[in-house]
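Below is one structure, written out as C-alpha cells; comments come after it.
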Amino acid sequence: MSTDAALKRSPFTWVPSLYFAQGLPFFAVNVVMALMYKSMEVPNEQIARWSGLLSLAWGFKWLWSPFLELAPSKKAVVVVFQLLGGGGLCLVALSLQLPNAFLVGIAALTLVSLASATHDIASDGLYIASLGAKQQAEYAGWQGAFFNVARFISMGGLVILAGHLEKSIGVANAWGVVFGLFGATMILLGLYHTWALPGALNVVKTDRSMSGVARTLWDVLAAFLKKPGIWLAIFFIIMFRAGEGQVQTIGPLFLRDARELGGLGLSTGDVGWAYGTAGTIAFIVGSIVGGYFAAWLGLKRAMLWLILAMNLPSAAFVFLSVAMPTNFALIAAALSLEMFGYGFGFVGVILYLMQVVSVGKYQTAHYAIGSGVMGLGMSLFKSISGDIQTALGYQNFFIWGLLCAIPVLVLSRFVHLQSGAQPVPAPSGQPAEA
C-alpha cells in the first residue's frame with residue numbers, strides 16, 4: 001500500500017488501535033504484573049521494588065527520544081517496537097514454565113517496558129506529524145478513550161480471565177495464557193499497523209548525526225533547568241504523587257492478601273471486577289469531571305481540591321483496612337471512589353506540567369521532561385512502598401500514605417501556578433505514567 005493511500009485513509013483506521021497498543025504493555029507491566037506475582041506468592045517488597053524499577057523506562061524515555069529522529073520513518077519505529085513489545089510479553093508467558101521463572105520474567109518485562117516507553121514516543125510523534133491541527137483536536141478524545149480501553153481489558157477482562165483459569169489449570173498456566181494473549185495482541189497490532197499507519201518520514205535536519213542530536217538534547221535540558229523556580233517545581237512534581245504512587249502499588253496486593261495477614265482476601269477475579277471494570281469507569285469519569293472543574297476555577301484556585309482528591313485513594317484504603325468489610329459491593333464502591341479521586345486529582349499535575357512547566361521555546365520537549373520527572377518520582381515511591389508496608393503493616397501504611405499529602409499541600413502555597421499559556425491536550429491522552 002502506497003504512502004499516499006495511507007495518508008488518505010481515515011485516521012479512525014489507526015488512531016484508536018495505535019493508542020490501544022500504547023496502553024496494553026503499560027498496564028501489563030505496571031499493574032497486571034504485580035497481581036500475577038502476588039498469585040505466585042512473591043513477597044510484597046519484591047513486587048513493589050521491581051514494579052518501581054521497571055517503571056523507570058517511562059521516566060527516562062525523554063533521554064533517548066531525540067535519537068529516534070535518526071530512523072527513516074516514525075511508522076517503522078512504531079511497528080518495530082510493537083512487535084518487540086509483543087515478543088517480550090510472549091517471553092513473560094514462557095518464563096512461567098521455567099525453574100527460575102521470576103528472574104527470567106523480570107528480564108522479559110524489562111524488555112517490554114523499554115519497548116513500550118520507546119513506542120510511546122514514536123506513536124505520539126507519528127500522530128503529530130500525520131495530522132493537521134484540526135484533526136489532532138478531533139481525534140484527541142479517541143487517544144484517551146482507547147488507552148483506557150486497554151486499561152479496561154488489561155485490569156478487567158484479562159485479570160478476570162486469570163482468576164477463572166487459576167482455579168482450573170493452575171496459577172502459572174493461567175498467567176501464561178494471559179501474557180500470551182497480551183503478546184499475541186501486540187504482535188497482531190504491529191502487523192496490522194504495517195498496513196494502517198501513514199508512513200510519516202522524520203523531518204530532515206541540518207545535523208542528523210548522533211553528536212548533533214546530543215547537542216540538541218543538551219540545549220533542551222539546559223533551557224529546562226534555567227526556568228525560574230524550576231527546582232521547587234521539580235520537587236512539587238515529585239511529591240504530588242507520593243502518597244498515591246505508594247498506595248496504587250500496595251493497594252491491589254492488600255486486596256489479594258489473606259485476612260489473617262491483614263488483607264481483604266479477594267480472589268484474582270474479584271480484583272479484576274472491582275478495579276478493572278468499576279474502577280476504570282470511575283477513573284475516566286473522575287478525569288473528565290476534574291478537567292471541567294479545573295477549567296471552571298482555573299488551576300490556581302482548583303489546585304488545593306485536586307491535591308485533596310488525589311489522596312482519596314489513601315483515605316479509601318484506610319477505611320478498608322480499618323473496617324475490613326466482607327461485602328463485595330461495599331469494597332467495589334470504596335475502590336470506585338478511590339479511582340474517581342485518582343482521575344480527578346491527576347488533572348492537577350498534568351495541567352501544571354502543560355500550563356506552567358512546559359511554557360517556552362521547547363514546549364513539547366519540556367512537557368516530556370516534566371512528565372519524566374513525575375515518572376521518576378513514581379518509580380522511587382513504588383520501589384520503597386513494599387519495604388514501608390512490610391515494616392508498618394497495611395493499616396499504618398495507608399495512614400502513612402495520607403500523611404504524604406502534607407508536603408505537596410505546603411508546596412502548593414509557594415509554587416507558581418499561573419501562566420499566560422493556553423492549555424494544550426496531553427500528548428497521548430494517557431495518565432502520564434499512571
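These numbers were taken from a predicted model, which means no experiment stands behind them.
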Using side-chain contact (heavy atoms from CB on, under 4.5 Å) as the criterion, list what pairs up with P11, not counting sequence neighbours. W14, V15, L131, Q135, Y139
Could you list the donor-acceptor pairs under 3.5 angstrom formed by side chains in residues 156-167, with sequence neighbours left out?
unit_1 : atom_1 : unit_2 : atom_2 : d
E166   : OE1    : T268   : OG1    : 3.0
E166   : OE2    : S39    : OG     : 2.7
E166   : OE2    : W175   : NE1    : 2.8
E166   : OE2    : T268   : OG1    : 3.3

How about CH2 on W62, more than 12 heavy atoms from neighbouring residues, nucleotides or ligands closer than 6.0 Å, or not? yes
Please examine the side chains of S154 and V31, heavy atoms only from C-beta on, and report whether any two atoms are closer than 4.5 Å. no
Determine, stepwise, if the pair F152 / F27 fulfils ring pair (Phe, Tyr, Trp, His ring centres under 6.0 Å). CA-CA 10 Å; F152 190 87; F27 292 113; over 10 Å; no
Do you know the tightest heavy-atom contact between F179 and A28? CZ-O, 4.0 Å
What distance do S385 atom OG and E45 atom CD have between them, rounded to the nearest 0.5 Å? 10.5 Å
Which residues pass the ring-ring contact (aromatic ring centres under 6.0 Å, His included) test with F328, sequence neighbours left out? none
Carefully, step by step, assess V77 and K74 under the rule side chain to side chain contact (heavy atoms under 4.5 Å, CB included). CA-CA 5 Å; V77 177; K74 300 181 190 306; 5.7 Å; no
Derivation and outcome, side chain to side chain contact (heavy atoms under 4.5 Å, CB included), residues S55 and V29: CA-CA 8 Å; S55 66; V29 173; over 6 Å; no
Ring pair (Phe, Tyr, Trp, His ring centres under 6.0 Å) for F397 and Y394? Distances and angles first, verdict last. CA-CA 5 Å; F397 171 80; Y394 282 120; 7.7 Å; no
Applying salt bridge (charged side-chain N to carboxylate O under 4.0 Å, His left out) as the test, list every pair that has at least one member in residues 383-410; sequence neighbours left out. R49-D387
Are the side chain of S130 and the backbone of Y127 linked by a donor-acceptor contact shorter than 3.5 Å? no
Nearest heavy atoms of A93 and G180, plus distance in Å: CB-N, 3.6 Å
Do L353 and S371 touch side chain to side chain, with heavy atoms closer than 4.5 Å? yes
Between K75 and T194, which heavy-atom pair has the shortest distance, and what is it? NZ-O, 2.7 Å
Between M40 and A101, which heavy-atom pair has the shortest distance, and what is it? CE-CB, 4.4 Å
Residues at least two apart in sequence or cross-chain that pass side-chain contact (heavy atoms from CB on, under 4.5 Å) with L188, listed by chain then number, are none
Under 3.5 Å donor-acceptor pairs involving side-chain atoms of residues 103-114, not counting sequence neighbours:
unit_1 : atom_1 : unit_2 : atom_2 : d
T110   : OG1    : I106   : O      : 2.8
S113   : OG     : L109   : O      : 3.4
S113   : OG     : T110   : O      : 2.8

Check the surroundings of atom CH2 in W218: do more than 12 heavy atoms from other residues, nucleotides or ligands lie under 6.0 Å from it? no
Quick one: do the D124 and Q22 side chains pair a donor with an acceptor below 3.5 Å? yes
Suppose we screen for side-chain contact (heavy atoms from CB on, under 4.5 Å). Which residues come up paired with S51, at least two apart in sequence or across chains? M33, K382
Between atom CG of L63 and atom CD1 of I369, what is the distance when rounded to the nearest 0.5 Å? 8.5 Å
Tell me if a side-chain donor or acceptor on N173 pairs with a main-chain N or O of I169 at a distance below 3.5 Å. yes
Heavy atoms only: give me the nearest F240-M303 pair and the separation to one decimal. CE1-SD, 3.7 Å
List the atom pairs, donor and acceptor, that lie under 3.5 Å between side-chain atoms in residues 274-295 and the rest of the protein, sequence neighbours left out.
unit_1 : atom_1 : unit_2 : atom_2 : d
Y275   : OH     : E338   : OE1    : 3.2
Y275   : OH     : E338   : OE2    : 3.2
T277   : OG1    : W273   : O      : 2.1
T280   : OG1    : G276   : O      : 2.8
S287   : OG     : F283   : O      : 2.9

My understanding is that only one of Y19, W58, F20 makes a ring-ring contact (aromatic ring centres under 6.0 Å, His included) with F26; could you say which? W58
Shortest non-hydrogen contact between A57 and A117, atoms and distance: O-CB, 3.6 Å
Are any of the side-chain heavy atoms of L189 and M186 separated by less than 4.5 Å? yes
Give, for atom CD1 of I250 and atom CG of L392, the distance between the pair rounded to the nearest 0.5 Å. 10.5 Å
Taking it one step at a time, do I399 and N396 satisfy side chain to side chain contact (heavy atoms under 4.5 Å, CB included)? CA-CA 5 Å; I399 294 172; N396 289 332; 4.2 Å; yes
Would F398 and F254 satisfy ring pair (Phe, Tyr, Trp, His ring centres under 6.0 Å), going step by step from the backbone distance to the final call? CA-CA 10 Å; F398 295 130; F254 160 73; 5.3 Å; yes
Compile the donor-acceptor pairs under 3.5 Å between side chains in residues 222-236 and protein atoms, sequence neighbours left out, one pair per line.
unit_1 : atom_1 : unit_2 : atom_2 : d
K227   : NZ     : V357   : O      : 3.1
K227   : NZ     : V359   : O      : 2.4
K227   : NZ     : H366   : ND1    : 3.4

Residues 316-326 side chain polar contacts: donor-acceptor under 3.5 Å, at least two apart:
unit_1 : atom_1 : unit_2 : atom_2 : d
S321   : OG     : F317   : O      : 3.0
S321   : OG     : V318   : O      : 3.0

Within this structure, what is the CG-NZ distance for the pair D120 and K61, rounded to the nearest 0.5 Å? 4.0 Å
CG-CG distance between L54 and N30, expressed to the nearest 0.5 angstrom: 8.0 Å
Going by side-chain contact (heavy atoms from CB on, under 4.5 Å), name the residues that satisfy it together with C90, two or more places apart in sequence or in a different chain. I187
L89 CG to L181 CG distance, which is reported to the nearest 0.5 Å: 11.0 Å
Does one side chain, of H119 or Q82, offer a donor that lies under 3.5 Å from an acceptor on the other? yes
Tell me which pairs pass salt bridge (charged side-chain N to carboxylate O under 4.0 Å, His left out) where either residue lies in residues 30-43, with sequence neighbours left out. K38-D257
Please evaluate residues V42 and W50 with respect to the criterion side chain to side chain contact (heavy atoms under 4.5 Å, CB included), reporting the C-alpha separation (whole Å), side-chain torsions for both, the decisive distance (0.1 Å), and the verdict. CA-CA 11 Å; V42 176; W50 282 106; over 6 Å; no
